[in-house]
Protein chains: 2
Amino acid sequence: MPTKTAAQARQQAKDQYDAYLATCPSRLLLDRISNKWVTLIITALRGGPLRYSQLRTTIAGVSEKMLTQTLRSLERDGLISRTVTPSVPVRVDYALTPLGVSILEPITIMKEWAEQHMPAVTAARQAHDVREAS
Amino acid sequence: MPTKTAAQARQQAKDQYDAYLATCPSRLLLDRISNKWVTLIITALRGGPLRYSQLRTTIAGVSEKMLTQTLRSLERDGLISRTVTPSVPVRVDYALTPLGVSILEPITIMKEWAEQHMPAVTAARQAHDVREAS
DNA sequence: CAGCATCCTCAAAGATACTG
DNA sequence: CAGTATCTTTGAGGATGCTG
């Protein structure tokens, strides 16, 4: 009788790997920016602070729920700041923090890679699909 | 009577924006690499070709379904190649294509940003949560 | 060895309506 | 203006068993 079954061993290996991934900085970053709205909000704020309603119209596809939710999480992570001006009606401005500005760089690099190489990816995809259909 | 209701106008704006996002190269790239397994597979192949079973054990947390699914999509996009050696039993090797190698660069840049700044993000998060709890 | 087929779950995103 | 609250949907991903 083995001390543990194959299934148990596999589960343990998985748990360890999951724990490793949970602390991996790169994974944490990916979890952050892989979100559809995160990069849109950050690049929207590139030119300077925007109000809630401006963000909503700039990023036309976003629901209020997702916008608020994403803004809150970005604020929590120190990437954007939220400034309330208690006038009537109230005014709320969102802006990039220095940390938020610094993340523009990797995002820009990714954008450049995308613009250079995505056509090749799309072409490969189409070629592959054509071959598949034959 | 307006030619279109506010809801219709909003829907139209959203559709247009969705269409724009659907062709945006940066979004396409993000959709590609935001996947949990994609970056893990690509970085696993950094050192040279690996067999299916090697990938499965290297990336301990992956199920066969997700591994196969991700490999297929990466092959389709021309980022990795799949080489079958018809021995008994069969042997299948996966390797990065030149396109696949080129994507290592933005991934590495992201990784570097992550290693430099994720501690600050984590700290901001904790500070924020402490403030919240008070 | 290297998969494919099937069923299932659960969390994230969307739609809708209301409020300080 | 700048949100909150609630319900519903959808699909990525996991578990399991089978095959050339």
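When reading the values below, keep in mind they use all heavy atoms of this one structure, side chains included, and skip hydrogens, waters and symmetry mates. Letters go in sequence order (proteins before strands), and every chain restarts at 1.
At a threshold of 4.5 Å between non-hydrogen side-chain atoms, the residues B/Pro25 and A/Gln116 do not count as touching. At least one side-chain heavy atom of B/Arg76 sits under 4.5 Å from a side-chain heavy atom of A/Asp129. Annotation: side chain of B/His128 is in contact with side chain of B/Arg131 (closest heavy-atom distance under 4.5 Å). Using a 4.5 Å heavy-atom cutoff, the side chains of A/Leu99 and A/Ile103 are not in contact.
With respect to the salt-bridge test (charged N to carboxylate O, under 4.0 angstrom), the residues B/Arg27 and B/Asp31 qualify.
At a non-hydrogen distance threshold of 4.0 Å, nothing from residues 40-53 of chain B comes into contact with DNA chain D. The stretch residues 69-77 of chain A does not touch DNA chain C, since none of its heavy atoms comes less than 4.0 Å from the strand.
Between A/Asn35 and C/dA12 there is no side-chain polar atom (N or O) within less than 4.0 angstrom of OP1 or OP2.
Taking the C1' atoms of five terminal pairs at each end of the helix from C/dC1-D/dG20 to C/dG20-D/dC1, the two resulting helix axes are inclined by 60°, rounded to 10°.
A donor-acceptor pair under 3.5 Å links the side-chain atoms of A/Thr57 to the main chain of A/Gln54, judged by distance alone. Distance alone, capped at 3.5 Å, is enough to place a donor-acceptor pair between the A/Thr43 side chain and the A/Leu40 backbone.
The list of ring-ring contact (aromatic ring centres under 6.0 Å, His included) pairs with a residue in residues 100-124 of chain A, not counting sequence neighbours, reads A/Trp113-A/His117.
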- Note on the structure: The contact string for nucleotides 14-19 of chain D, one letter per nucleotide 5' to 3', using protein heavy atoms under 4.0 Å with B, S and - for base, sugar-phosphate only and none, comes out as BB-B--
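The hydrophobic cluster containing B/Ile109 also includes A/Ile109, under a criterion of side-chain heavy atoms closer than 4.5 Å among ILVMFWY residues, counted directly or through chains of members.
Note on A/Tyr20 and B/Val62: same hydrophobic cluster, where clusters join Ile, Leu, Val, Met, Phe, Trp and Tyr whose side-chain heavy atoms are under 4.5 Å apart, directly or indirectly. A chain of hydrophobic side-chain contacts below 4.5 Å, direct or via other Ile, Leu, Val, Met, Phe, Trp or Tyr residues, connects A/Leu71 to A/Val101.
The distance from atom CG of B/Asp93 to atom P of C/dC1 is 14 Å, rounded to the nearest whole Å. If you measure from atom CG of B/Leu67 to atom P of C/dC4, you get 11 Å, rounded to the nearest angstrom. As a whole-Å value, the separation of B/Arg56 CZ from C/dA2 P is 7 Å. Per the geometry, CG belonging to A/Asp31 stands 14 Å off C1' belonging to C/dA11, to the nearest Å.
Smallest separation of non-hydrogen atoms from B/Pro119 and B/Ala114: CD-O, 4.0 Å. For A/Thr97 against A/Ile80, the heavy-atom pair with the smallest separation is CG2-C, 3.6 Å.
Comparing atom distances between the A/Arg91 side chain and each of D/dT4, C/dA2, D/dA2 picks out D/dA2 as nearest.
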